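Inspection log for the structure reproduced underneath, given as structure tokens.
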Amino acid sequence: MSLVGKKFPNVTIDAMSEMGDDLRINILEEATSNQQKIILFWYPKDFTFVCPTELHAFQDALGEFEKRNTKVIGASCDTNEVHFAWLNTAKDNGGIEGVTYPLLADTHRQLANILGIVDQDFEYNEDGEETFTGSNVTYRATYLIDETGKIFHESVNDMPLGRNVKEYLRLIDAYTHVQKHGEVCPANWEEGKDAMKADRTSTAEYLAKN
């Protein structure tokens with residue numbers, strides 16, 4: 001079930017800083033207290049394959065997110081200790097050394113289960129015994145949260161599919177344009193392009209030009 005348009009869950013989770021500090025982060029409070037947008041991206045596991053490419057890609061774009069008053073937070077179900085070990089593993093050895101944004105450590109899957117992004121399924125066998133299937137780690141889920149704590153975008157990729165970080169920058173630009181100007185953003189909109197008023201006349205004028 002989609003959470004777009006709803007407040008982000010009010011849950012506080014363990015996290016790790018790049019300096020090895022144990023943190024406690026509440027995404028809703030981070031957004032509302034600091035009056036900033038949040039991009040929260042979940043990945044399946046530390047010390048895996050597609051995951052480090054994504055964490056480095058978000059790090060490379062960190063300055064662009066900061067220009068947009070947006071905080072980057074990564075998340076998985078690994079422990080703080082595993083996060084810290086990966087943060088201290090060199091990039092050329094599959095590590096994420098150089099990543100400077102915090103990483104949630106949702107080891108109890110408390111938040112991930114509320115969001116419904118864990119690869120798990122519970123069934124019953126012929127004897128009525130509960131059986132578990134699935135990897136019990138999260139899909140590549142991404143949430144964009146505004147300054148009021150409202151989710152304005154969510155997406156979920158299957159585990160083999162890495163994300164395009166530039167698309168999240170575009171979505172933040174589009175949402176910020178809506179906030180500032182009260183206009184709507186058409187397909188493939190990018191910063192500097194024409195937007196529209198939410199009426200038939202404006203839509204017709206836009207389509208006539210494009």
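Nothing here was measured: the structure is a model prediction, and the numbers come from that model.
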*Pairs involving residues 196-210, ordered by first then second residue, that meet salt bridge (charged side-chain N to carboxylate O under 4.0 Å, His left out) (sequence neighbours left out)*: Asp194-Lys209
*Indicate the atoms forming the closest heavy-atom contact of His56 with Gly95, along with that distance.*
NE2-O, 2.8 Å
*Phe49, CZ atom: more than 12 neighbouring heavy atoms under 6.0 Å*: no
Return all side-chain donor-acceptor pairs below 3.5 angstrom for residues 8-17, not counting sequence neighbours, or 'none' if the list is empty.
{"residue": "Asn10", "atom": "OD1", "partner": "Asn26", "partner atom": "ND2", "Å": "2.7"}
{"residue": "Thr12", "atom": "OG1", "partner": "Asn26", "partner atom": "ND2", "Å": "3.2"}
{"residue": "Asp14", "atom": "OD1", "partner": "Arg24", "partner atom": "NH1", "Å": "2.9"}
{"residue": "Ser17", "atom": "OG", "partner": "Met19", "partner atom": "N", "Å": "3.2"}
{"residue": "Ser17", "atom": "OG", "partner": "Gly20", "partner atom": "N", "Å": "3.4"}
{"residue": "Ser17", "atom": "OG", "partner": "Asp21", "partner atom": "N", "Å": "3.0"}

*Could you state whether Val72 and Leu169 fall into the same hydrophobic cluster, counting links through intermediate Ile, Leu, Val, Met, Phe, Trp or Tyr residues with side-chain heavy atoms under 4.5 angstrom apart?*
yes
_Closest heavy-atom pair and its distance - Thr138, Cys77_ = CG2-SG, 3.8 Å
*So, for Cys51 and Lys45, which heavy atoms are closest and what is the spacing to 0.1 Å?*
SG-O, 3.4 Å
_Please list all pairs meeting side chain to side chain donor-acceptor pair (under 3.5 Å) that have one or both residues in residues 88-100, counting only residues at least two apart or in different chains._
Gln59-Thr100
*Quick one: side chain to side chain contact (heavy atoms under 4.5 Å, CB included) partners of Lys193, sequence neighbours excluded?*
Trp189, Glu190
*Is there side-chain contact between Cys185 and Val178, with at least one heavy-atom pair below 4.5 Å?*
yes
*Which ILVMFWY residues can you reach from Leu207 by hopping between side chains whose heavy atoms are under 4.5 Å apart?*
Val184, Met196, Tyr206
_Side chain proximity check, Glu30 to Ile145, heavy atoms < 4.5 angstrom_ = no
_Residues which pass salt bridge (Lys or Arg N to Asp or Glu O under 4.0 Å) with Glu81, listed by chain and number, not counting sequence neighbours_ = none
*Would you list the pairs meeting ring pair (Phe, Tyr, Trp, His ring centres under 6.0 Å) in which at least one residue belongs to residues 95-121, sequence neighbours left out?*
Phe41-Tyr101
*Sequence neighbours left out, what passes side chain to side chain donor-acceptor pair (under 3.5 Å) with Glu18? Give chain and number order.*
none
_Tell me the closest heavy-atom pair linking Lys37 and Asp146, and the distance in Å._
CG-CA, 4.1 Å
*Just how far is it from atom CD1 of Ile38 to atom CD of Glu147, taken to the nearest 0.5 Å?*
9.5 Å
*What heavy-atom pair brings Val137 and Pro44 nearest, and what distance separates the two atoms?*
CB-O, 3.6 Å
*side chain to side chain donor-acceptor pair (under 3.5 Å): which pairs involve residues 156-168, sequence neighbours left out?*
Glu54-Arg163, Thr142-Arg163, Thr142-Tyr168, Ser155-Tyr168, Glu167-Arg170
_Checking Asp22 now: which residues fulfil side chain to side chain donor-acceptor pair (under 3.5 Å) with it, not counting sequence neighbours?_
Asn80
*Under the ring-ring contact (aromatic ring centres under 6.0 Å, His included) rule, collect the residues that match up with Phe84, sequence neighbours excluded.*
none
_Residues Asp173 and Arg68 bridged, charged N to O under 4.0 Å_ = yes
*For Ser33, enumerate each residue passing the side chain to side chain donor-acceptor pair (under 3.5 Å) test, keeping only those at least two apart in sequence or located in another chain.*
none
